[in-house]
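Worksheet for the structure shown next.
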Protein chains: 2
Amino acid sequence: MPNSIRNTNDAHLTMQVVNHVRALIENGALRPGDRIPPERDFARKLKISRASLRAGIGHLAAMGVLNVRHGVGTFVADGPPALGSDPLALLSALHGFKPWQMFEARLILESHLAALAAERGREEHFAALAEEVAEMYATFHDPQEYLIHDIRFHRTIAEAAGNPILAVLMETITAALYDERRKTAERSKSLKQAAEIHREIYRAIRARNISEARTMMEKHLRMAQSAQVDEVASKPKATRKKSSGKKAKAAY
Amino acid sequence: MPNSIRNTNDAHLTMQVVNHVRALIENGALRPGDRIPPERDFARKLKISRASLRAGIGHLAAMGVLNVRHGVGTFVADGPPALGSDPLALLSALHGFKPWQMFEARLILESHLAALAAERGREEHFAALAEEVAEMYATFHDPQEYLIHDIRFHRTIAEAAGNPILAVLMETITAALYDERRKTAERSKSLKQAAEIHREIYRAIRARNISEARTMMEKHLRMAQSAQVDEVASKPKATRKKSSGKKAKAAY
DNA sequence: ATGGTGAAGGTGGTCCGACCACCAGCGTTG
DNA sequence: CAACGCTGGTGGTCGGACCACCTTCACCAT
């Protein structure tokens with residue numbers, strides 16, 4: 001049985017809810033930021049129980065399409081397109097992604113993004129980039145604050161590249177990457193150095209020097225990688241007691 | 001409020017379940033293909049209601065980490081790493097991704113993948129690629145069947161590239177892309193032509209000719225794009241009655 | 001008036017317990 | 001020996017009660 005694409009599992013009703021909402025979005029009845037009806041009403045309207053409706057909403061929320069706020073309501077996601085950070089993190093643990101693979105993926109995406117930004121970026125983007133670079137110089141003594149602008153810088157490049165899909169993919173990877181980075185406060189030494197490179201990237205993009213933008217971005221990311229590569233090696237290998245044939249009665 | 005990365009919402013208990021399972025996976029207690037305890041038992045073990053547990057499982061299932069089979073049990077995903085196809089399709093509808101952006105993203109990923117495959121691929125991968133190419137030649141009169149091997153060919157390249165993360169991203173995009181493609185049966189004329197190019201890609205990879213592999217893949221994808229670009233243009237623009245200030249009482 | 005305070009209503013979150021639908025396995029039956 | 005059908009276990013659905021959170025607004029003290 002050559003299951004062509006994907007065995008889109010999931011129960012009937014859950015699927016029904018997902019598709020219903022998808023349809024509402026596709027035909028424009030729901031737009032980013034909009035609020036969906038209260039669960040009780042919506043469930044009644046769809047002729048299903050609230051539990052089933054919630055299952056569907058859960059799926060949409062897990063995929064980052066809906067945004068649920070306790071005591072307020074459920075809304076269609078609006079911010080920068082994103083695909084939930086957890087997914088990749090989970091898959092990472094599941095399939096044993098290596099850090100170098102993460103960096104490689106990021107390198108490929110971001111270098112292209114930089115090139116595209118140099119090619120298609122507009123004045124407003126350049127201004128935003130300059131702003132963030134300035135902020136980085138001003139905060140390289142405060143890793144916490146610096147990181148904010150670092151992220152915004154890369155995010156702005158992705159926006160300037162004019163391809164939201166690539167931007168989403170980049171966000172997904174960097175989110176998974178930062179999960180580890182957030183723990184280790186960077187030395188301000190390398191931060192100042194990083195700010196320098198960010199500035200060069202910015203200049204290359206503004207000058208619409210495509211290959212230079214790509215090259216600089218690659219250089220930057222390689223440095224970032226080697227700077228973070230230290231604090232690894234201490235990952236305890238996943239050990240699993242070879243279940244001795246019988247029941248292992250795991251400690252779930 | 002500079003929300004750094006993502007506002008990881010979701011309720012307490014749902015989160016608790018997700019993290020619990022994540023922990024089980026990370027420390028090796030759960031591996032791909034394993035089965036998790038029955039919902040009733042698991043819920044009791046975690047001291048939560050079955051409903052809450054199901055909410056958590058729902059999230060994990062939506063992210064493609066768990067695979068629920070009615071009447072059988074819930075399992076940890078094992079197949080080729082994948083990130084659920086719906087998510088991107090949903091985001092697509094939500095943020096109005098253009099087809100050319102999809103193709104651009106795919107082009108970037110797959111061309112790199114082809115290059116990496118030429119660089120790192122092993123004999124076993126080459127053999128599998130040859131197999132699929134042969135199958136394509138044998139089935140170019142049957143679009144349905146052809147598609148299977150087409151997919152497998154690209155998937156094998158991704159595997160040969162040795163970076164599962166990039167493979168996941170590719171799968172995500174192609175899945176969203178095929179959703180539209182499945183509807184339109186391809187002309188066998190172009191399929192035979194496509195088979196030719198696949199063969200050339202294969203030869204380039206086997207010869208470890210990195211730049212040639214990349215170039216051929218780019219060529220192939222560009223042709224595929226223009227071949228599919230026809231059946232567009234008929235997308236009814238999302239119209240939304242500008243709510244006249246009052247309540248619109250939409251037809252959810 | 002102004003500003004704080006608390007009650008009310010609406011919304012999502014959790015729980016319970018029952019029942020339905022599906023699947024695999026095994027014994028019975030022809 | 002093969003086909004049938006029962007049975008146990010598992011996920012799917014239901015409804016309805018109650019909890020937790022947020023917003024609003026009337027009320028009261030300043």
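Convention: sequence-line order gives letters A, B, ...; per-chain numbering from 1.
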Please report, rounded to the nearest Å, how far the [atom2] atom of [N] is from the [atom1] atom of [X].
| X | N | atom1 | atom2 | result |
| --- | --- | --- | --- | --- |
| L66(B) | dG11(D) | CG | P | 11 Å |
| L53(A) | dT13(D) | CG | P | 12 Å |
| I48(A) | dT13(D) | CD1 | C1' | 10 Å |
| L46(B) | dC15(C) | CG | C1' | 15 Å |
| L13(A) | dG11(D) | CG | P | 18 Å |
| I57(A) | dG13(C) | CD1 | C1' | 12 Å |
| R44(A) | dT11(C) | CZ | P | 11 Å |
| I36(A) | dG12(C) | CD1 | C1' | 11 Å |

Identify all pairs in which a protein N or O lies below 3.5 Å from an N or O of nucleotides 7-10 of chain D, and state each distance.
{"residue": "dG9(D)", "atom": "N2", "partner": "G71(B)", "partner atom": "O", "Å": "3.0"}
{"residue": "dT10(D)", "atom": "OP1", "partner": "R35(B)", "partner atom": "NH2", "Å": "3.3"}

Output for pair (R35(A) CZ, L30(A) CG), nearest 0.5 Å, gives 12.5 Å
5'-most contact on DNA chain D (nearest-nucleotide basis), A51(A) vs H12(B), goes to A51(A)
Where the side chain of H125(B) meets the backbone of R122(B), is there a donor-acceptor pair that is under 3.5 Å apart?
yes
Notebook entry, point to check: Does OP1 or OP2 of dG12(D) have a side-chain N or O of T14(A) closer than 4.0 Å?
Noted result: no
message = dG12(D), OP1 or OP2 - any side-chain N/O from R54(B) closer than 4.0 Å?
response = yes
- Salt bridge D41(A)-R44(A), side-chain N to carboxylate O under 4.0 Å: yes
S52(B) meets the side-chain contact (heavy atoms from CB on, under 4.5 Å) criterion, sequence neighbours left out, with L13(B), I48(B), S49(B)
In short, ring pair (Phe, Tyr, Trp, His ring centres under 6.0 Å) pairs touching residues 49-72 of chain A with sequence neighbours left out are none
- prompt: With a 4.5 Å limit on heavy-atom distance, are the side chains of I165(B) and R106(A) in contact?
  reply: no
Derivation and outcome, side chain to side chain donor-acceptor pair (under 3.5 Å), residues Q101(B) and N163(A) = CA-CA 6 Å; Q101(B) 295 171 332; N163(A) 189 327; 5.1 Å; no
